[in-house]
Amino acid sequence: MTDKEKENPQETDIRSKPTKSDEKLEANTIEYKEKQGILSKEENNELHTDPESTGSAGDGVEPPAGPSEQSASAAGTGESAPETTPASGAAQRPDRAAARSAAAAEAGGTAPAAANGAAPTEGAAAEDGGDKAKAAAEARAARAAARAAKTAAPAEDAPPKPPSPNQPLLDRLVEILKGEVAEDAVDETFINEIDGHRPFVVIRGEHWVRAAEVFLQHEELQCGYLRSVSGVDLGNQLEVVYHLLSIPLRKEYGVRVRTEREAPSVPSVASVWPTADWNEREIYDLLGIDFPGHPNLTRIMMPDEWVGHPLRKDYEAYDPEV
């Protein structure tokens, strides 16, 4: 004991004793913990056994009944048991979730799938997504079927396709070629609508030179300008395509001459249109089509020692790296 404590023993005794405010604070703390259900085991025992807080037997005050005693009493009397404090805060959540589920069911809503108020299960979400995907697939199938039906069965009420404006020009061309060249000079005719409704004729190779002269000299044709010549590999056949233009009459025509794949040959028209000279040499170089009657049928793009014709579909390069 210090000298100061010896001088004022009464003050020291007052400081060592708990004040009413301290006792009230402690009681409030215990009461709060009890309501929240976070009392420790020691505090719970102390709360129900402390004679100062529960009253002693000599004072005629009975201690409050525990949760089990209250439940038993309620069961014996048939009355509802007073609300008891759960042991932990987590124990209250299932009751709240159950109450929300019941309220949602009464309102006509959908109750939560889990008792703890969790969101709908992943299975429900997956089922919803599966239904949407199924509906989208059925819609796509219906649209595809509608398109197929429209393509397969032409509309009966659709008006007939109007004839090409150049159909009379094609008919007159065929009439001229059959009269001036031969009756079997033309194998096929058609209108190329994509190319400005250009009239096209497919002419037999043996009649091509005479037909070319008719295209150049006939007064209703006057095709003095050979616009282009090109070769085509059709797979089972090779073909040479000519585009002719009549500058005085402002008319355009197309001619196709087909030949066999093995030993292909198309008569040269370089004597009729000199511009066909280099075009025929290019086709000979890249596709291997022979042009009998050409003045100088030699390679024009590839070296003379080159093997094969690069624009053929069955061409195999001698050196793949080139």
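Worth saying up front: this structure is predicted, and the values here are computed from it rather than measured. For the single chain, residues carry numbers from 1 onward in sequence order.
- Applying the ring pair (Phe, Tyr, Trp, His ring centres under 6.0 Å) test to Trp208 and every residue at least two apart in sequence or in another chain returns Tyr242.
- Around atom CG of Leu234, more than 12 heavy atoms belonging to other residues, nucleotides or ligands sit under 6.0 Å away.
- Within the structure, the side-chain hydrogen bond (donor to acceptor under 3.5 Å, both in side chains) test picks out no pair touching residues 133-143 (sequence neighbours left out).
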Does Glu252 form a side chain to side chain contact (heavy atoms under 4.5 Å, CB included) with His243? I'd like the steps, not just the answer. CA-CA 7 Å; Glu252 297 187 33; His243 287 84; over 6 Å; no

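- Between Asn192 atom CG and Tyr253 atom OH the span is 15.5 Å, to the nearest 0.5 Å.
- The environment of Glu260 atom CD is sparse: at most 12 non-hydrogen atoms of other residues, nucleotides or ligands sit within 6.0 angstrom.
- Within the model, atoms CZ of Phe200 and CG of Leu170 stand 11.0 Å from one another, a figure rounded to the nearest 0.5 Å.
- Pairing each heavy atom of Arg198 with each of Asp195, the nearest pair is NE-OD2, 2.6 Å.
- Without hydrogens or angle criteria, Asp285 side chain to Met302 main chain gives a donor-acceptor distance under 3.5 Å.
- Val209 and Phe215 fall into different hydrophobic clusters, where Ile, Leu, Val, Met, Phe, Trp and Tyr residues are linked whenever their side-chain heavy atoms come under 4.5 Å apart, directly or through other members.
- Transitive grouping of hydrophobic side chains (ILVMFWY, heavy atoms separated by less than 4.5 Å) brings Trp278 and Phe291 into a common cluster.
- A search for salt bridge (Lys or Arg N to Asp or Glu O under 4.0 Å) contacts involving Arg256 returns Glu239, not counting sequence neighbours.
- Going from atom CG of Leu249 over to atom SG of Cys223 covers 8.0 Å, rounded to the nearest 0.5 Å.
- Within the 3.5 Å criterion, the main-chain N or O of Leu238 finds no donor-acceptor partner in the side chain of Arg261.
- To the nearest 0.5 Å, atom CD of residue Gln217 and atom CD of residue Glu219 are 12.0 Å apart.
- No continuous path of ILVMFWY side-chain contacts below 4.5 Å connects Val202 to Val257, so the two sit in separate hydrophobic clusters.
- Shown here are the salt bridge (Lys or Arg N to Asp or Glu O under 4.0 Å) partners of Glu282, two or more places apart in sequence or in another chain: there are none.
- Judged purely by atom type and a 3.5 angstrom limit, His294 uses its side chain to pair as donor or acceptor with the backbone of Asp277.
- Summarising the local packing, CD of Glu316 is surrounded by 12 or fewer heavy atoms from other residues, nucleotides or ligands at distances under 6.0 Å.
- Note on residues 263-275: pairs passing side-chain hydrogen bond (donor to acceptor under 3.5 Å, both in side chains), not counting sequence neighbours, are Ser268-Glu280.
- Follow the hydrophobic side-chain contacts under 4.5 Å out from Met301 and you reach Leu297 in the same cluster.
- Under a 3.5 Å cut-off, the side chain of Ser246 and the backbone N or O of Leu221 do form a donor-acceptor pair.
- By the salt bridge (Lys or Arg N to Asp or Glu O under 4.0 Å) test, Glu180 pairs with no residue at all, sequence neighbours left out.
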Could you go step by step and tell me if Asp304 and Arg299 meet the salt bridge (Lys or Arg N to Asp or Glu O under 4.0 Å) rule? CA-CA 6 Å; Asp304 292 337; Arg299 287 186 180 271; 5.6 Å; no

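- Note on Leu216 and Leu169: same hydrophobic cluster, where clusters join Ile, Leu, Val, Met, Phe, Trp and Tyr whose side-chain heavy atoms are under 4.5 Å apart, directly or indirectly.
- The distance from atom CH2 of Trp306 to atom CG of Leu286, rounded to the nearest 0.5 Å, is 11.0 Å.
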Candidate pair Asp171 and Gln167, rule side chain to side chain contact (heavy atoms under 4.5 Å, CB included), full reasoning: CA-CA 6 Å; Asp171 295 340; Gln167 186 63 44; 2.9 Å; yes

